[in-house]
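Below you'll find the structure, written out as structure tokens, and then a few comments.
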Amino acid sequence: MTGLLGTPLFAAGEAATTFLISDLHVPAGGGQVVANLGGVLRAAEAAAARVFVLGDLFDSYVARAQVRTGIWRDVAARFAAATAAGTEVVLLHGNRDFLLGPEFAAASGVRIVAGGLRGQLAGADTVLVHGDELCQNDLPYQRAKRWLRHPWTRGLARHLPLRAALAVAARARAKSRRVVSTGDQRRFLPTAAAVEAAFATGARRLVFGHIHRFAHGQREGGEYWVLPAFDEASIGLVTRGDSLVPVRFDAAGLGADVPLPGPCPLAS
Ligand SMILES: [Mn+2]
């Protein structure tokens with residue numbers, strides 16, 4: 001197992017076709033994003049494709065009690081139907097749902113990855129991560145990440161009763177919104193050094209989400225893709241031959257191809 005900027009990279013395995021989506025931020029109230037996720041799962045079953053979700057499936061997931069109630073139970077049930085029908089689904093931890101644990105895997109049949117993936121995908125050695133580790137200039141976040149993901153903090157949070165968990169999550173989201181809306185926006189960009197670090201592992205393609213900015217670019221070491229937030233754009237990537245192709249999904253399934261986006265500004 002290798003790593004990237006502190007994120008462990010696990011073997012991605014192989015499949016003929018893979019769908020990639022990221023940052024669904026499914027809220028407690030559900031809504032259109034859940035219908036569109038249903039479309040992704042329907043299309044995956046039709047195409048015998050596996051589905052990779054590159055983190056932040058949920059707007060927040062704190063305690064294991066959540067899987068027994070509300071939208072968290074409903075989404076787990078949708079995944080369970082898909083995985084029972086033979087669709088492979090892999091979830092990476094995002095910064096909002098890194099406490100997703102074995103209870104969710106058991107209820108849904110998905111594989112939960114506490115880190116990133118690396119493997120041969122559409123003809124290239126590819127690294128898939130959520131993307132928060134690439135935003136190296138966001139020092140307050142990177143510092144908070146260290147204690148938030150400490151085993152003691154995690155254990156405490158995961159055992160909170162439901163109401164306390166939801167209150168903690170609501171406070172964390174409100175604080176994050178304040179920080180993101182007032183901070184120097186360059187702080188929230190991936191750094192060029194972080195993207196280069198991905199290619200320094202030997203991979204030739206990097207795919208991530210997190211920054212909610214649909215982009216595709218080339219660097220000396222390879223190409224990178226940034227998935228947009230699925231709850232805003234309903235756009236994902238599909239493997240086709242030796243390429244990743246951006247496509248739109250809706251509740252009915254796979255929609256039309258989407259034009260190639262431009263590159264993302266990278267911070268120094
Ligand atoms: Mn994120």
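Whatever order the structure lists ligands and atoms in, that order sets their numbers, starting from 1.
More than 12 heavy atoms of other residues, nucleotides or ligands shown are found within 6.0 angstrom of CD on Gln218.
The OD2 atom of Asp56, the Mn ion (ligand 1) and the OD1 atom of Asn95 define an angle of 90° (nearest 10 degrees).
Between Phe230 and Phe249, the ring planes are tilted. Angles from 30° to 60° get that label.
Residue His210 approaches the Mn ion (ligand 1) most closely through its N/O/S atom ND1. Per residue His130, closest N, O or S atom to the Mn ion (ligand 1): atom name NE2.
Defined by atom type and a distance below 3.5 Å, a donor-acceptor pair is missing between the side-chain atoms of Asp23 and His210. With no hydrogens or angles considered, a side-chain donor-acceptor pair links Glu223 and His216 at under 3.5 Å.
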